[in-house]
Engineer: 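Just passing along the structure, written as structure tokens.
Both counts, for ligands and for their atoms, begin at 1 and track the order of listing. Start at 1 with the first residue, then count along the sequence.
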Amino acid sequence: MKQIALYGKGGIGKSTTAANLSAALAGENLDILQIGCDPKHDSTRMLMHGTWIPTVLDLIRERGDENITVDDVVHRGFGGVRCVEAGGPEPGIGCAGRGIIATFQLLERLDALKGDVIVYDVLGDVVCGGFAMPMREGYAQEVYLVTSGELMSIYAANNIAKAIARLSRRVRSRCTLGGVICNAKNIEGEQELVEEFARRINSRLIAYIPRSRVVQVAELQKQTVVEYAPESDQAAVYQELARTIQRNETTSIPTPLEMDELESFALEFVQV
Ligand code: ADP
Ligand code: SF4
Ligand code: MG
């Protein structure tokens with residue numbers, strides 16, 4: 001079983017990429033479990049045709065975790081992908097990270113943490129102990145950083161790389177960096193910039209996902225691109241990403257950049 005996690009800045013395209021990746025993997029006849037670990041709880045919405053599935057944390061709050069069954073928390077979406085949303089704390093109180101732990105513990109107890117591939121979709125703006133939980137506790141074993149060429153998303157990716165480097169020294173955590181995914185914002189020289197960033201942190205660019213209108217059109221139809229436009233170039237990009245991740249055996253311990261290195265790196269590319 002492969003356990004992969006997509007980490008990146010909020011709004012960078014993690015859920016879109018994760019849902020299309022899961023849909024494409026399911027198309028290869030694999031049993032896929034996608035777990036949304038972002039309090040925004042919209043990771044699996046396109047796989048579920050727009051339905052907001054109940055979050056594990058809401059169910060635990062309503063019923064207590066003793067009275068929850070697999071069918072309450074695991075919902076089958078497009079291609080048979082099993083979808084789970086961890087959910088978030090009540091606004092103003094509670095810890096999102098603790099919610100992620102509670103979700104994983106419940107799924108383990110229900111024997112639902114299984115399949116050919118588990119895809120964790122995790123927010124990476126703050127790499128606090130909470131959001132690092134899937135990496136810390138040995139769930140997320142292969143992390144993929146989703147970034148564009150914008151400095152703030154590279155900054156977030158670099159912080160996640162710092163967390164991976166630190167956690168890789170722990171026995172319990174088995175996390176390594178699988179690669180960097182560029183989800184383009186159409187910045188000049190973006191692919192080269194992200195490629196070079198990946199190289200400098202001891203990783204590699206494993207996919208370049210172009211910005212495409214079909215993503216929004218599919219979203220309006222409440223579907224992934226893989227379902228809505230399976231013959232499109234964009235769907236082919238997600239299918240290639242799925243094959244690359246499925247075959248990937250080259251992971252690394254990242255060498256994150258210091259802040260001044262990151263700033264001078266960004267300057268090099270702006271000046272080009
Ligand atoms: P995140 O999960 O990182 O917060 P989302 O996946 O929700 O981000 O994406 C944010 C927005 O960006 C969505 O409206 C989505 O349709 C759009 N988007 C993501 N990737 C692409 C892309 N490659 N081309 C066009 N729009 C995209
Ligand atoms: Fe939020 Fe992270 Fe602190 Fe938990 S550990 S309260 S998720 S910042
Ligand atoms: Mg998301």
Engineer: Does the ring center of Tyr7 lie less than 6.0 Å from the ring center of Tyr144?
Structural biologist: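 No, too far apart.
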Engineer: Tell me, which protein residue and heavy-atom name are nearest atom 25 (C) of ligand 1, and how many Å apart are they?
Structural biologist: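 Here the nearest protein heavy atom works out to Ser212 O, 3.2 Å.
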Engineer: Determine whether any heavy atom of Gln234 lies closer than 4.0 Å to an atom of ligand 1.
Structural biologist: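 Flag set, Gln234 near ligand 1.
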Engineer: Pick one: which of Glu261, Glu268, Glu258 meets salt bridge (Lys or Arg N to Asp or Glu O under 4.0 Å) with Arg200?
Structural biologist: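 Going through the options one by one, the only one that passes is Glu268.
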Engineer: Going by heavy-atom distance to atom 20 (N) of ligand 1, choose the closest among Asn183, Val215, Leu6, Val214.
Structural biologist: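 Nearest heavy atom to atom 20 (N) of ligand 1 lies in Asn183.
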Engineer: Cys95 heavy atoms, cut-off 4.0 Å: which ligand 2 atoms fall inside?
Structural biologist: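 Those of ligand 2 that fall under 4.0 Å from Cys95 are 4 (Fe), 5 (S), 6 (S), 7 (S).
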Engineer: Atom 15 (C) of ligand 1: which protein heavy atom is closest, and how many Å away?
Structural biologist: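 Here the closest protein heavy atom is Glu219 OE1, 3.3 Å.
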Engineer: Let me confirm one number: the CD-CG distance from Glu227 to Leu47, rounded to the nearest 0.5 Å.
Structural biologist: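 Rounded to the nearest 0.5 Å, the CD-CG separation comes to 8.5 Å.
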Engineer: Between Lys40 and ligand 1, does any nitrogen or oxygen pair lie at a separation below 3.5 Å?
Structural biologist: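 Lys40 vs ligand 1: N/O contact under 3.5 Å present.
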Engineer: Within the structure provided, determine whether Ile154 and Leu193 are in side-chain contact (heavy-atom separation under 4.5 Å).
Structural biologist: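 The answer is yes, as the side chains (C-beta and beyond) meet within the 4.5 Å cut-off.
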Engineer: Should the pair Asp31-Arg82 be classified as a salt bridge under the 4.0 Å nitrogen-to-oxygen rule?
Structural biologist: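 Arg82 and Asp31: salt-bridged.
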Engineer: Look at atom 8 (S) of ligand 2 and say which protein heavy atom is nearest, naming residue and atom and giving the distance to 0.1 Å.
Structural biologist: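 It is Cys128 SG, 3.7 Å.
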Engineer: Could you state whether Leu145 and Tyr120 fall into the same hydrophobic cluster, counting links through intermediate Ile, Leu, Val, Met, Phe, Trp or Tyr residues with side-chain heavy atoms under 4.5 angstrom apart?
Structural biologist: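 Shared cluster, yes.
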Engineer: How close do Asp121 and Lys14 get, heavy atom to heavy atom, and via which atoms?
Structural biologist: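 Smallest heavy-atom distance, with atoms named: OD1-CB, 3.4 Å.
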Engineer: Got an N/O contact under 3.5 Å between Gly13 and ligand 1?
Structural biologist: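 Yes, since at least one N or O of Gly13 sits under 3.5 Å from an N or O of ligand 1.
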Engineer: Considering non-hydrogen atoms only, spot the tightest contact between Val225 and Ala235 and give its length.
Structural biologist: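 Nearest heavy atoms, Val225 then Ala235: CG1-N, 3.8 Å.
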Engineer: Starting from atom 7 (S) of ligand 2, which protein heavy atom do you reach first, and at what distance in Å?
Structural biologist: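 Looking only at protein heavy atoms, the one closest to atom 7 (S) of ligand 2 is Gly97 N, 3.4 Å.
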Engineer: What protein heavy atom sits nearest atom 17 (C) of ligand 1, and how far away is it?
Structural biologist: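 That would be Gln216 NE2, 3.8 Å.
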Engineer: Provide the number and element of each atom of ligand 1 under 4.0 Å from a heavy atom of Lys9.
Structural biologist: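 Here the atoms of ligand 1 in question are 3 (O).
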Engineer: What residue and heavy atom of the protein are closest to atom 6 (O) of ligand 1, and at what distance?
Structural biologist: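 Residue, atom and distance for the closest contact: Thr16 OG1, 2.6 Å.
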Engineer: Could you state the interatomic distance from CZ (Arg211) to CG (Asn186), rounded to the nearest 0.5 Å?
Structural biologist: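 These two atoms lie 7.0 Å from each other.
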Engineer: Which heavy atom of the protein is the closest neighbour of atom 10 (C) of ligand 1, given with residue, atom name and distance?
Structural biologist: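 Protein heavy atom at minimum distance: Gly11 O, 3.7 Å.
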Engineer: May I ask you to check if ligand 1 and Pro210 share an N or O to N or O distance below 3.5 Å?
Structural biologist: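 Yes, at least one N or O pair falls under 3.5 Å.
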Engineer: Measuring to protein heavy atoms, does anything land under 4.0 Å from atom 3 (Fe) of ligand 2?
Structural biologist: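 Protein heavy atom within 4.0 Å of atom 3 (Fe) of ligand 2: absent.
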Engineer: Closer than 2.8 Å to the Mg ion (ligand 3): does that hold for any N, O or S atom in Thr16?
Structural biologist: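 Checking the Mg ion (ligand 3) against Thr16, no N, O or S atom falls under 2.8 Å.
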Engineer: Scan Glu137, Glu142, Gln141 and name whichever one has a side-chain contact (heavy atoms from CB on, under 4.5 Å) with Arg174.
Structural biologist: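 With Arg174 as partner, side-chain contact (heavy atoms from CB on, under 4.5 Å) holds for just one option, Gln141.
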Engineer: Quick one, Pro134 and Ile100 - any side-chain contact, counting heavy atoms below 4.5 Å?
Structural biologist: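 The answer is yes; the side chains approach within 4.5 Å.
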Engineer: Mark up the atoms of ligand 2 that fall under 4.0 Å of a heavy atom belonging to Gly130, in ascending order.
Structural biologist: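 Result: 5 (S).
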Engineer: Which atoms from ligand 1 have a heavy atom of Lys14 less than 4.0 Å away?
Structural biologist: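 Heavy-atom distances to Lys14 below 4.0 Å select 1 (P), 2 (O), 3 (O), 4 (O), 6 (O), 8 (O).
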